[in-house]
Every structure is written in structure tokens, then in C-alpha cells.
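What follows is one structure encoded as C-alpha cells, with my remarks underneath.
Just so it is clear, the model here is predicted, and its values are computed rather than measured. All chains are named by letter (A, B, ...) in the order of the sequence lines, taking the proteins before the strands, and each is independently numbered beginning at 1.
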Number of protein chains: 2
Amino acid sequence: MSDDKADLIATFFKEETLTKGTLIINEGKTSKKSFFLESGIVRCYIIDLEGNEITTRFFSAPDFLNDFLSFFEQQPSEENYELLTDAKLHSISFTDVQYCFHNIPEFREWGRMMLTLNHVFLKKRMIALHKETAQERYSNLIKTHPEIVQQVPLHMIASYLGVTKYSLSRIRKEIK
Amino acid sequence: MSDDKADLIATFFKEETLTKGTLIINEGKTSKKSFFLESGIVRCYIIDLEGNEITTRFFSAPDFLNDFLSFFEQQPSEENYELLTDAKLHSISFTDVQYCFHNIPEFREWGRMMLTLNHVFLKKRMIALHKETAQERYSNLIKTHPEIVQQVPLHMIASYLGVTKYSLSRIRKEIK
DNA sequence: ATTACAAATTGCCATATGGTAACTTAAGGA
DNA sequence: TCCTTAAGTTACCATATGGCAATTTGTAAT
């Protein structure tokens, strides 16, 4: 992408510095923004029928993130997105995203890529939950995202991997 | 949608009658078509590293289907789509889909809906694999898609649910 | 009717994971 | 520093599921 285009696109983003614990997307509310995460870690989770939190995804900087369904369909989100650390973000509004989609081909291309990556992520995760043992899933997480394993509380990682915190604690011991 | 538009869109679809066992999308090949399934059942599966088939999805008529990644990104498919019964399909080429996207707003809207439904399916499935027992997943399948439970061989359903055929056979016995 | 083959079932035991309760460790506030 | 609380660990046992092997059932071809 040319510098001109990059600069143009950058003008639509607004810098935000937020503290640990902030919810940047809330269950039940329609998400108005997409984000670029410059620093920090974000956890995405839903609350199931029994009231348990299920962590469905982590984002660690640098990365783009939004709630695909809530943002692009402008409907209430089913998930919460919580900052696990203090973070610096750059946000763009739905209106501006629409404007950029219509007027900047490179931005449209970027949107397509986001969508594809999102889809690939879900498919990989589905297959992992399907065929891998909890230990394999944990080992893979260490390989691909060591920063998450290091910085995120064990019970959240356990929930993300689909096991209890007790099991994950045992898996940790075995791996060492 | 108006009848005029519907008729116009229909002209881009070509009827195909195919027999049980036919692969309509092949692993390794770039998918050139999207389909409307008028009658029949389709199974989507991948082959994992150990050579096992993992069934990732069923489609039963009437439904639209394509391989999102292979079709829209025009890259080799990672999955196979197999007819489990004789079937009548209506197919539309990638070129024609692009044409319709550019020229028929209703079609664009339909594309967006497909994408969203696809996404919702993957998320639901992820959560099901995450939190439900095999028995719950099977019960839900019976509720939502009894025709699949009736017509599809047990070992394929087992693979879809993420359990062995032995376990599913036992689950079946308990439920009765 | 007979054979052949795939699909499905079931007894048996192994393994992975769940869940409680007790305990230890770590971290932040008064 | 002490106190309080959350996080993490671990012993123990329960439950869910895996997987082999033997058997039965169903189905299609001859």
C-alpha cells in the first residue's frame, strides 16, 4: 500500500489509551468501532446459560480486532471484549469504515483479509477442539502465542482451551 | 425480493443432477461454483494428518452451499464436499457471482447473509464442542436436523460430533 | 437363498478430564 | 508489615470417552 493511502486511512483512526479491565465491546450493545491494538492483550468471552465465562479468543498486540457480527451487521454483540492489560488502541467508527470501503480499494482489500483471517481462525479452532487433546492445544498455544501463556491468568487460558483450571494445572506440571 | 430480480438471478444458475458419492468440491482444487441444493444431503470433510476423515458439516436441502475460502478467495480448497445421496443442484460460476455482486444489490445482500450465517454456524459449533457433552450435541442434532440423523451413516455423524462411532452407538442406546 | 462386505453394537478395560476440598503461593491495600 | 483475597496446585475419586475385539445386523450382488 502506498504511503499516501496509508496516511489517508490513518486519519480515520482515533488513538485511545485505556486501562486494564475496560470492556471495549459489551454483550447486548451494538459495537460501533473496529480497533487496531497497538499494545496490550484483549480477551473475548461469552457467558453461557449456567453463568460460566467461556473465553473464545485472545488478541495480543499488534493486531486488528472487532466483533464481526456486531460491527458489520450492526446488531447487539453476544460477546464481551475485555482488556487484560492497560492498552493503547486506535479506533475507527462504523460510518468511517463504510466510507473507506466505498472510497478506498486498499481498505476494501484489508476488510476482505480480516474476514478471511477471522474465518480461518474459527475453522482451525473448531478442528483443534475436535481432534486434539487438551495437552496438544496447550502446547500449540505456547508455540504460537507464548506472550499469552505468560501474561494471562491460568483459568482464562483453561477456559479458552476447553478444559478446567485443574486439568490445565496438571498439564502444566507434566510438560515441565 | 421482486419476482423480476429473482428471475434475473435464476438465469445465472445451471441445474445439475448428480449421483450419490460425487465430490462437488475437491480438496486441493479451486472451487469454481456456488450451489443451491434443491434435494439431497452433502457432507463436508477434511482429512487430518493421520489420514482420518473429520466431518465438519452437513448440508441438507434446501440450502445454499459453497466453500467460503476456496470460492471467494479462489484458492485451493482444504475440504471435500461429497453427495451422500443423489441430488439436484443449481450452480453459479465465480464469474457470474462477481457480475451479480456488482450489478444486483439484492444479490449482494444475499451474499452478506450467506457470510453471516456461515460465521454464526462456526461460532455455535465452536461453543458446542467447547461446553456440551457428546450426548447433548447428539440430542441437539436430532432436534435441529432429524433428517441427517436418519439418513447419514453413524460413523459420519460421530465424526461430526467429535466422538468415536463406539461412543455414539452407546449414546444412542441410552437415549432410547 | 447364499455369500460377501460394510455398518452397527457391545463387553471389557484404558485413558483423559471433571470436580471437590484442602492447601500453598502470590499480590495488593490498609 | 500484616491482612485479605485471588490464583494456582495437588490428592483423591467420579465420570466421560477412547479403542480393541468379538459379534450381530443390515444390505447388495450373485
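- Whole-Å rounding puts the Glu174(A) CD to dT10(D) C1' distance at 13 Å.
- For DNA chain C, the contact window with chain A, defined by any atom under 4.0 Å from a protein heavy atom, covers dT17(C) to dA21(C) in 5' to 3' order.
- Both Val149(A) and Tyr160(A) sit in one connected hydrophobic cluster of ILVMFWY residues. Membership requires side-chain heavy atoms under 4.5 Å apart, directly or through other members.
- Taking the side chain to side chain contact (heavy atoms under 4.5 Å, CB included) definition, one finds that Thr11(B) meets it with Leu8(B), sequence neighbours left out.
- With rounding to whole Å, Leu84(A) atom CG is found 12 Å from dA7(D) atom P.
- The side chain to side chain contact (heavy atoms under 4.5 Å, CB included) check on Pro146(B) picks up Gln150(B), with sequence neighbours excluded.
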Task: Verdict with reasoning, Thr19(B) to Leu83(B), per side-chain contact (heavy atoms from CB on, under 4.5 Å) - done: CA-CA 7 Å; Thr19(B) 57; Leu83(B) 296 187; over 6 Å; no
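- The aromatic rings of His119(B) and Phe68(A) sit tilted relative to each other, their planes meeting at an angle between 30° and 60°.
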Residues 37-45 of chain A side chain polar contacts: donor-acceptor under 3.5 Å, at least two apart:
unit_1: Glu38(A); atom_1: OE1; unit_2: His90(A); atom_2: NE2; d: 2.6
unit_1: Ser39(A); atom_1: OG; unit_2: Lys88(A); atom_2: N; d: 3.3
unit_1: Arg43(A); atom_1: NE; unit_2: Glu82(A); atom_2: OE1; d: 3.2
unit_1: Arg43(A); atom_1: NH1; unit_2: Glu53(A); atom_2: OE1; d: 3.2
unit_1: Arg43(A); atom_1: NH1; unit_2: Thr55(A); atom_2: OG1; d: 3.0
unit_1: Arg43(A); atom_1: NH2; unit_2: Glu53(A); atom_2: OE1; d: 3.0
unit_1: Arg43(A); atom_1: NH2; unit_2: Glu82(A); atom_2: OE1; d: 2.9

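- A continuous path of hydrophobic side-chain contacts links Phe36(B) to Val97(B) [ILVMFWY only; heavy atoms under 4.5 Å].
- As a member of the Ile/Leu/Val/Met/Phe/Trp/Tyr network built from side-chain separations under 4.5 Å, Ile54(A) groups with Ile46(A), Ile127(B).
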Restricting to nitrogen or oxygen on both sides, can you table the protein-nucleotides 17-21 of chain D pairs closer than 3.5 Å?
unit_1: dT17(D); atom_1: OP1; unit_2: Ala134(B); atom_2: N; d: 3.0
unit_1: dG18(D); atom_1: OP2; unit_2: Thr164(B); atom_2: N; d: 3.1
unit_1: dG18(D); atom_1: OP2; unit_2: Thr164(B); atom_2: OG1; d: 3.1
unit_1: dG18(D); atom_1: OP2; unit_2: Ser167(B); atom_2: OG; d: 2.6
unit_1: dG19(D); atom_1: O6; unit_2: Arg170(B); atom_2: NH1; d: 3.2
unit_1: dG19(D); atom_1: O6; unit_2: Arg170(B); atom_2: NH2; d: 2.3

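- Gln74(B) places a side-chain N or O within donor-acceptor distance of the main-chain N or O of Phe71(B), the cut-off being under 3.5 Å.
- Within residues 139-148 of chain B, no residue approaches DNA chain C, by heavy-atom distance under 4.0 Å.
- With sequence neighbours excluded, no residue forms a salt bridge (Lys or Arg N to Asp or Glu O under 4.0 Å) with Lys165(B).
- Taking Asp96(A) as the reference, Phe12(A), Ile92(A), Ser93(A) meet the side chain to side chain contact (heavy atoms under 4.5 Å, CB included) condition, with sequence neighbours excluded.
- Put simply, NZ on Lys173(A) is 21 Å from P on dA7(D), counting in whole angstrom units.
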Which donor-acceptor pairs under 3.5 Å do side chains of residues 166-174 of chain B form with protein atoms, sequence neighbours excluded?
unit_1: Ser167(B); atom_1: OG; unit_2: Thr164(B); atom_2: OG1; d: 3.2
unit_1: Arg172(B); atom_1: NE; unit_2: Tyr138(B); atom_2: OH; d: 3.3

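- Annotation: side chain to side chain contact (heavy atoms under 4.5 Å, CB included) contacts of Gln98(B) (sequence neighbours excluded): Phe94(B).
- Rounded to 10 degrees, the angle separating the terminal helix axes of the helix from dA1(C)-dT30(D) to dA30(C)-dT1(D), each built from five base pairs, is 40°.
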